[in-house]
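To keep things clear, I will list the structure first and then write my remarks on it.
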Amino acid sequence: IASASASPEQVVKLWSASSKAYLLTMMGPAGGLTSISFSPDGSTLAGGDLSGIGRLWNVATGGLIQSYLAPAGGAMSIVFSPDGRNIAAGWNTNVLLFDAQRGALLKTVTAGKKSGTVVAYLPIGTNLLSGNSDGTLTVWDTASWAPISTYDQETDSNGIGVTALATSTDNTHYVYGRGDATVVLA
């Protein structure tokens, strides 16, 4: 289990899921984390921060492995691909795709009209779901990065749009959070 905190600590803490025992603390960024995600094998933790920087930490040692830089500042939502080879980041109006080992930016895809993009891989690994504060949800083909479908009904309540995403492990459902504190299962 991992948790991230903003000020005053600005750290990431790890606990054992089975024993609930505290394991270690990793230093987070000065600006605070906006998302955290475990690698598929559980050995690495990724975190995206408010300044457009993603980081990878070794779960066993707490050591920093790699950093990922967005083209400029802005909150970064970050998630591993199901095979662990890539990291997708929602950043401003875009989805950024990074090589997980090298940290190289591989692809930039425009995903919305407003700053505030969140991402979640479908477990099958061939599709990525992005949500934007403009109220759009898009399913992307990760081979071509072409949109497969876009959904924008009932996602932009009060003009705040999609703020969080998750997918079911059996690829049958996704859930999104809206800026009006509503959670929707689709």
Side-chain angles (χ1 to χ4, degrees), residues 1-70 73-91 95-103 116-125 127-131 133 160 162-186:
I1 299 171
S3 70
S5 67
S7 58
E9 288 185 304
Q10 300 173 345
V11 296
V12 178
K13 294 185 177 185
L14 292 177
W15 288 271
S16 167
S18 58
S19 71
K20 313 285 188 283
Y22 166 77
L23 300 174
L24 61 95
T25 297
M26 300 175 286
M27 291 306 299
L33 290 170
T34 56
S35 67
I36 51 178
S37 172
F38 280 102
S39 62
D41 67 4
S43 67
T44 307
L45 184 70
D49 74 18
L50 292 169
S51 63
I53 299 174
R55 291 175 174 82
L56 291 186
W57 292 277
N58 179 303
V59 170
T61 67
L64 183 66
I65 299 170
Q66 183 70 263
S67 292
Y68 305 89
L69 302 176
M76 185 183 283
S77 162
I78 197 166
V79 65
F80 277 94
S81 62
D83 64 8
R85 293 182 3 209
N86 296 318
I87 291 178
W91 169 78
V95 172
L96 307 176
L97 184 69
F98 293 96
D99 179 288
Q101 288 189 335
R102 297 182 296 123
T117 300
V118 292
V119 291
Y121 269 98
L122 276 71
I124 56 172
N127 302 115
L128 179 92
L129 182 62
S130 71
S133 57
I160 300 172
V162 179
T163 58
L165 285 174
T167 59
S168 64
T169 56
D170 64 359
N171 292 300
T172 59
H173 297 291
Y174 61 88
V175 62
Y176 64 90
R178 296 190 317 214
D180 64 351
T182 300
V183 177
V184 179
L185 177 66

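Side chains included, hydrogens not; waters and symmetry mates left out as well; all remaining heavy atoms used. Counting from 1, the numbers follow the sequence of the chain as shown.
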Can you check whether Q101's main-chain N or O pairs, donor with acceptor, with Q66's side chain at less than 3.5 Å?
yes

Salt bridge check, R55 against D49: does any charged N sit closer than 4.0 Å to a carboxylate O?
yes

Distance, nearest 0.5 Å, that separates CZ of F98 from CG of N86:
11.0 Å

Going through the distances and angles, do I87 and L56 end up as a side-chain contact (heavy atoms from CB on, under 4.5 Å)?
CA-CA 10 Å; I87 291 178; L56 291 186; 3.5 Å; yes

Would L128 and L122 satisfy side-chain contact (heavy atoms from CB on, under 4.5 Å), going step by step from the backbone distance to the final call?
CA-CA 6 Å; L128 179 92; L122 276 71; over 6 Å; no

Gap between atom CE of M26 and atom CG of L64 - 0.5 Å precision
10.0 Å

For a side-chain contact (heavy atoms from CB on, under 4.5 Å) with S35, tell me which candidate from I78, V79, V119, V118 qualifies.
I78

Show the nearest heavy-atom pair for residues S130 and V95, with the distance to one decimal.
CB-CG2, 3.9 Å

Validation row: T167, P123 side chains within 4.5 angstrom (heavy atoms)
yes

Going from OG1 on T34 to CG on L50, what distance comes out if it is rounded to the nearest 0.5 angstrom?
5.5 Å

What is the distance from atom OH of Y121 to atom OG of S81, rounded to the nearest 0.5 Å?
5.0 Å

Atom pair CG/CD1 of N58 and I65 - distance to nearest 0.5 Å:
5.0 Å

Any heavy-atom pair between the side chains of T44 and F80 that's under 4.5 Å?
yes

Shortest non-hydrogen separation from G84 to A100 and the atoms involved
O-CB, 3.5 Å

From M76 atom CE to Y68 atom OH, the distance as rounded to the nearest 0.5 Å
10.5 Å

Worked verdict on Y174 versus L185 for side-chain contact (heavy atoms from CB on, under 4.5 Å)
CA-CA 6 Å; Y174 61 88; L185 177 66; over 6 Å; no

Report yes if the side chains of L14 and F38 come closer than 4.5 Å at any heavy-atom pair, otherwise no.
yes

For V59 and G42, which heavy atoms make the closest approach, and how far apart are they?
CG2-O, 3.6 Å

